[in-house]
Amino acid sequence: MEGVAGLGLGHLLVFAFLFCFAAYMVGPVITDVTMGALCPGRDECSLAIYLTGLQQAVTGLGALVLTPVVGNLSDRYGRKALLALPATASIVPLGILAYGRTRGYFYAYYITKTLTATVCEGSMMCLSLAYVADRVPEARRAAAFGVFSGVCTAGFVASTVAARFLPVSSTCQVAAVAAVVTAVYMKAFLQETDGGASSCSCDEEASQPLCIPSSSSSEELSPKLPPLRKAPSLSEMAALLTSSSTFSRAAVITFLHGLGDAGLQNTLLYFLKAKFHYSKNQYANLLLIIGITGSFSQLTVMPLLVPKLGEQKLLIIALTASCGHAFLYSIAWSFWVPYLAASCVILSMLVTPCIRSIISNKVGPLEQV
């Protein structure tokens, strides 16, 4: 454990677990909180769906603009310094929700959540993956990304279990405290990277276990970071998308899959409440199945299948499973059908890690964010 706690990936994985634990804990209760604030006493609320869709659209557009900027800044000031931004910003909306859940507090939460999510949701994941790419050689990145995604899913599972047994008020308060602990832990323990592993392909490095620091860690107290590049313009981003057929296809797949997945996630819980009268506990049970299955998939299934099938074949299988996953939700005729659909994430959850691995292997060490 001492080796894991050094300059390897150990502290990043703990940080990712805590961040996801805090961020996802309000997931099972936010539907009831929203309905109670906007449409009290009702099982259907169009305003809640519209506001959720608007929040997703603003968050997505904001992340599209801000994530490249944050990534460029991390090349100058370091991954850790920029990870402090999403870690700190995520505290504000959770603190508001912990203090009150009436209509006024809900709108305050909604506005701050929309603004901070433009920084938190995209930047945290991209900076963390860049941190992993800095540490891990190309040959092992697919497995490393799978482990990282699995740890994030494990945080999701732990938060869902906690939300399942805590009352709504305590759930929001625990989430806020966990967000504070996450920021403090990251500041105190996470070490900076110097981008060395991302360009290393030697067999000796590839044979070392993940999370174990290099023997020369004592010489890495002040890592040398590359100079700051200017934020890419729209034309430069368009040129990047068209510079490689693999990259452009991955971008199209990511956009279409993200569009469908976001639409499903934004409306699913409200659909289940209106049709089957789901409440906090049923939401938690459903999310728990998704989280446990997804964590097992990324920690166990992906490392086993990638060496045998390769990322591209596995991506095709995962996309097919994702279609079946959404189709089962759309034709749900009984309260148990969504639970069956949730089990499909054992393969559909692998879409994002496969795309990340394909893209990471196509770009240089300074373009990982």
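Numbers for residues simply follow the sequence, beginning at 1.
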Verdict with reasoning, Leu309 to Ile317, per side-chain contact (heavy atoms from CB on, under 4.5 Å): CA-CA 10 Å; Leu309 300 178; Ile317 295 173; 3.9 Å; yes

From CA spacing to verdict: side-chain contact (heavy atoms from CB on, under 4.5 Å), Leu12, Ser128: CA-CA 7 Å; Leu12 177 71; Ser128 297; 4.0 Å; yes

Test log, rule side-chain contact (heavy atoms from CB on, under 4.5 Å), inputs Leu264 and His325: CA-CA 10 Å; Leu264 176 66; His325 174 233; 4.2 Å; yes

side-chain contact (heavy atoms from CB on, under 4.5 Å) between Ser322 and Asp261, worked out: CA-CA 9 Å; Ser322 182; Asp261 190 59; 5.7 Å; no

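Nearest approach of Val157 to Gly291, heavy atoms of both residues: CG2-C, 3.0 Å. Of all the heavy atoms in Ala87 and Met186, the pair that sits closest is CB-CE, 4.2 Å. The nearest pair of heavy atoms linking Thr160 to Pro28 is CG2-CG, 4.3 Å. Summarising the geometry of Lys187 relative to Lys80, their closest heavy-atom pair is O-NZ, 3.0 Å, with the distance given to 0.1 Å. When every heavy atom of Leu47 is checked against every heavy atom of Tyr107, the shortest pair comes out as CD2-OH, 4.1 Å. The nearest pair of heavy atoms linking Gln173 to Ala98 is CA-CB, 3.7 Å.
Checked by atom type and distance alone, the side chain of Ser170 never pairs as donor or acceptor with a backbone atom of Leu166 at under 3.5 Å. Counting only distance, with no hydrogens or angles, the side chain of Lys275 and the backbone of Ala332 share a donor-acceptor pair below 3.5 Å. Tyr105 places no side-chain N or O within donor-acceptor distance of the main-chain N or O of Ala37, the cut-off being under 3.5 Å.
Under the 30°/60° scheme for interplanar angles, the aromatic rings of Phe19 and Phe15 are found to be tilted.
His257 meets the ring-ring contact (aromatic ring centres under 6.0 Å, His included) test with no other residue; sequence neighbours excluded.
Both Phe148 and Leu18 sit in one connected hydrophobic cluster of ILVMFWY residues. Membership requires side-chain heavy atoms under 4.5 Å apart, directly or through other members. Hydrophobic clustering of Ile, Leu, Val, Met, Phe, Trp and Tyr side chains at less than 4.5 Å, counting indirect connections, unites Val26 with Tyr99. The hydrophobic clustering, which links ILVMFWY residues whose side-chain heavy atoms are closer than 4.5 Å, places Val58 and Leu66 apart. Hydrophobic clustering, with ILVMFWY side chains joined whenever heavy atoms are under 4.5 angstrom apart, keeps Phe21 apart from Val14. When hydrophobic clusters are built by joining Ile, Leu, Val, Met, Phe, Trp and Tyr residues whose side-chain heavy atoms come closer than 4.5 Å, directly or via intermediates, Val337 is grouped together with Phe276.
Note that CG of Leu319 and CG of Leu314 are 9.5 Å apart. Values are rounded to the nearest 0.5 Å. Atoms CD1 and SG, on Ile30 and Cys172 in that order, are 7.0 Å from each other to the nearest 0.5 Å. For the atom pair OG (Ser297) and CD1 (Ile290), the distance works out to 13.0 Å, reported to the nearest 0.5 Å. In this structure, CG in Leu272 is found 6.5 Å from OH in Tyr283, a value given to the nearest 0.5 Å. Thr31 contributes atom OG1, which lies 12.0 Å from atom CD of Gln282 (distance to the nearest 0.5 angstrom). Summarising the geometry, atom CD belonging to Glu44 is positioned 8.5 Å from atom CD1 belonging to Ile49; distances are rounded to the nearest 0.5 Å.
Using a 4.5 Å heavy-atom cutoff, the side chains of Leu85 and Met124 are not in contact. Within the 4.5 Å cutoff, side-chain heavy atoms of Tyr77 are placed close to those of Leu82. Put simply, the side chain of Thr34 reaches to within 4.5 Å of the side chain of Tyr270, judged on heavy atoms. The side-chain heavy atoms of Ser169 and Arg101, taken from C-beta on, include a pair separated by under 4.5 Å. In this structure, the side chains of Thr118 and Leu61 stay at 4.5 Å or more apart for every pair of heavy atoms. Residues Thr114 and Tyr110 are in side-chain contact: their nearest non-hydrogen atoms beyond the backbone lie under 4.5 Å apart. Annotation: side chain of Asp134 is in contact with side chain of Arg79 (closest heavy-atom distance under 4.5 Å). Side-chain contact between Lys273 and Asp32: present, with at least one pair of heavy atoms (C-beta onward) separated by less than 4.5 Å.
Side-chain contact, Thr52 with Gln55: no donor N or O sits under 3.5 Å from an acceptor N or O.
Residues Tyr185 and His11 bring their aromatic ring centres within 6.0 Å.
Annotation: Phe327, atom CZ; neighbour count of heavy atoms from other residues, nucleotides and ligands within 6.0 Å does not exceed 12. More than 12 heavy atoms of other shown residues, nucleotides or ligands fall within 6.0 angstrom of atom OH in Tyr329.
Sorted by first and then second residue, the pairs that involve residues 33-118 and meet disulfide bond (SG atoms under 2.5 Å apart), not counting sequence neighbours, are Cys39-Cys45.
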